[in-house]
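Inspection log for the structure reproduced underneath, given as C-alpha cells.
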There are 2 protein chains.
Amino acid sequence: MAGNSRFAVSVHILAYLAYRKEGAVSSSEIAASVGTNPVVIRRLLSALVKARLVTAQKGASGGFALASTPAGIPLLAVYRTVEPKPDHGLNRFAPNHRCPVGARIESVLQGIFFKAQAGMEAELARVNVAEVERQLHAVCARKP
Amino acid sequence: MAGNSRFAVSVHILAYLAYRKEGAVSSSEIAASVGTNPVVIRRLLSALVKARLVTAQKGASGGFALASTPAGIPLLAVYRTVEPKPDHGLNRFAPNHRCPVGARIESVLQGIFFKAQAGMEAELARVNVAEVERQLHAVCARKP
DNA sequence: GTTTAATGTAACCAAGAACGTTACTCTTAA
DNA sequence: TTAAGAGTAACGTTCTTGGTTACATTAAAC
C-alpha cells in the first residue's frame with residue numbers, strides 16, 4: 001500500500017454512499033463523516049467517477065451515488081483507481097550497472113515486488129463494498 | 001510496501017554480501033554497488049545487525065558479513081526489519097465518531113489492511129537471499 | 001604504541017509527497 | 001433567476017526520505 005490515506009478515505013466514502021442508499025449525497029455531507037475538507041472528497045470522487053464506480057450529478061440538489069450495487073464494487077477496483085502505481089522504492093534506486101550485482105538486481109526485485117503486490121491485491125479482490133457494509137453492522141453489534 | 005527504497009536497498013546489500021562470500025565487506029564497497037552514500041548503507045546495516053541478519057566487525061579491515069547462510073535469511077525478515085510498520089494511511093485518518101459510519105469504519109479498515117498485509121508478507125516469506133542470488137545468475141544467463 | 005581504516009550515530013539540508021484550504025468556473029434544480 | 005453543488009487549479013504547511021558532513025569509537029597492522 002502507500003503512505004497516504006486515499007484508499008482508506010475512498011472506502012469510507014463508498015461505505016457511506018452504501019449506507020445512505022437513496023439519492024445523491026453531497027461532498028460536504030461525506031466530508032463531515034470523514035472529517036476532512038469537501039475538496040479532498042471531490043478529488044477522490046473525481047477519480048472514482050472516471051472509473052465508473054460512482055455517478056455524479058452536478059447542479060443544485062446534485063451529489064454522488066454508487067454506480068452499481070455495493071456487491072458489484074470490489075475493493076481491488078477502488079485500490080487501483082485511487083492509489084498511485086506502487087513502485088516499492090524502485091524509482092529512487094539507481095544501482096551501479098558496472099557491478100555484477102547492481103546490473104541485475106533491479107529485474108530480480110521487480111519480480112519479487114510483482115508477486116508481493118499480487119498477494120496483497122488478491123486479498124483486496126476478496127472484499128467488496130457490501131462486505132464492508134456487513135462488517136460495519138457486525139462492529140455495531142459488538143459495540144451495542 | 002511503502003514509498004521508500006529501504007527494502008530494495010537492503011535486499012541489494014544482502015545479495016552483495018552473499019555474492020562476496022568471503023570476509024568482511026566495507027560500507028563503502030557496498031555503497032559503490034548500490035550507488036549511494038556509505039552512511040545510508042550503514043544506517044540500514046545497523047538495523048540488520050540488530051536483527052541478527054548480518055554481523056559487523058569494527059576497526060581497520062572490518063566490515064559486514066551475512067550472519068547465516070543466504071538460505072537462512074527470508075526476505076520477510078528483511079522487510080520487517082527495515083520497513084516502518086505499514087499503517088496504510090490510518091494515522092492521517094480521523095473520521096467523525098458521531099457518524100454511524102465514521103464511528104466504525106476504522107476497525108473494519110484495520111481488518112482489511114491486516115489481511116492485505118498478510119497476503120503480501122506471505123509472498124515475501126517464500127523468498128530468501130539464496131533464491132535472490134540464484135535469480136541473479138538466471139538474469140545473467142538471459143543477458144550473456 | 002601509533003597509525004589507519006573502518007563502524008556507529010547525530011545533525012542538518014533539499015526535494016518531494018500529501019493534504020488542507022481558498023478561490024474560482026460551470027451546471028442544474030427549484 | 002437564484003442557490004446549491006460539482007470540477008479543478010493554485011498555493012502553503014507539514015512530514016518523509018535520502019544524501020551529506022562531522023565526529024567519536026574501535027581494532028588491525030605496522
Side-chain angles (χ1 to χ4, degrees), chain A residues 1-10 12-13 17 20 23-32 34-51 54-65 67 82-96, chain B residues 1-10 12-13 17 20 23-32 34-51 54-65 67 82-96:
Chain A
M1 218 92 57
N4 61 51
S5 63
R6 283 199 273 270
F7 180 62
V9 172
S10 297
H12 185 145
I13 291 171
L17 292 178
R20 287 277 277 94
V25 182
S26 75
S27 60
S28 299
E29 180 179 338
I30 301 171
V34 174
T36 185
N37 193 291
V39 175
V40 174
I41 301 297
R42 290 206 291 273
R43 277 205 283 247
L44 288 170
L45 276 164
S46 176
L48 294 169
V49 166
K50 277 172 192 140
V54 166
T55 58
Q57 174 69 39
K58 290 186 187 178
S61 83
F64 301 91
V82 301
E83 201 70 29
K85 276 265 175 63
D87 67 322
H88 306 284
L90 276 185
N91 53 348
R92 324 188 188 187
F93 185 63
N96 180 359
Chain B
M1 218 89 57
N4 61 51
S5 62
R6 284 198 272 270
F7 179 62
V9 171
S10 296
H12 185 145
I13 290 171
L17 291 179
R20 286 279 274 94
V25 182
S26 74
S27 60
S28 299
E29 180 179 339
I30 302 170
V34 174
T36 185
N37 193 291
V39 175
V40 174
I41 301 297
R42 289 205 292 273
R43 278 206 283 245
L44 288 170
L45 276 165
S46 175
L48 294 169
V49 166
K50 278 172 192 141
V54 166
T55 59
Q57 175 69 38
K58 291 185 186 179
S61 84
F64 301 91
V82 302
E83 199 71 28
K85 277 265 176 61
D87 67 320
H88 307 284
L90 276 186
N91 53 349
R92 324 188 186 189
F93 184 64
N96 180 0

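In what follows, chains carry the letters A, B, and so on, assigned in the order in which the sequence lines appear, proteins first and then strands, with residues in each chain numbered from 1. Basis for what follows: all heavy atoms, side chains included, without hydrogens, waters or symmetry-related copies.
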Give one of base, sugar-phosphate or nothing for [X], where a contact means two heavy atoms less than 4.0 Å apart.
X: A:R6; answer: sugar-phosphate
X: B:S28; answer: nothing
X: B:G3; answer: nothing
X: B:G89; answer: nothing
X: A:T36; answer: sugar-phosphate

Quick check for you: among [options], whose closest atom lies nearest to any side-chain atom of [X]?
X: A:S46; options: D:dG18, D:dT8, D:dA28; answer: D:dT8
X: B:S26; options: C:dC19, D:dT17, C:dT7; answer: C:dT7
X: A:V39; options: C:dA18, D:dT8, C:dG20; answer: D:dT8
X: A:F64; options: D:dA6, C:dT9, C:dG20; answer: D:dA6
X: A:A56; options: D:dA29, C:dC19, D:dG7; answer: D:dG7
X: A:A60; options: D:dT8, C:dT21, D:dA3; answer: D:dA3
X: A:Q57; options: C:dT7, C:dT28, C:dC19; answer: C:dT28

Please give, in whole Å, the distance from [N] [atom2] to [X] [atom1]?
X: A:N4; N: C:dG16; atom1: CG; atom2: P; answer: 18 Å
X: A:K58; N: C:dC24; atom1: NZ; atom2: P; answer: 19 Å
X: A:R43; N: D:dA10; atom1: CZ; atom2: P; answer: 13 Å
X: A:N37; N: C:dG20; atom1: CG; atom2: P; answer: 7 Å
X: A:H88; N: D:dT17; atom1: NE2; atom2: P; answer: 15 Å
X: B:F7; N: D:dG18; atom1: CZ; atom2: P; answer: 14 Å

Centroid separation B:F93 to A:H12 less than 6.0 Å: yes
Side-chain donor/acceptor contact of B:R92 with base of C:dG20 under 3.5 Å: no
N/O donor-acceptor pair, side chain A:R42 with base C:dT22, under 3.5 angstrom: no
Check: B:R92/A:S5 side-chain N/O donor and acceptor closer than 3.5 Å: no
Full working for side chain to side chain contact (heavy atoms under 4.5 Å, CB included) between A:I13 and A:L44: CA-CA 9 Å; A:I13 291 171; A:L44 288 170; 4.2 Å; yes
Toward the 5' end of DNA chain D, by each residue's nearest nucleotide, B:G35 or B:N91: B:N91
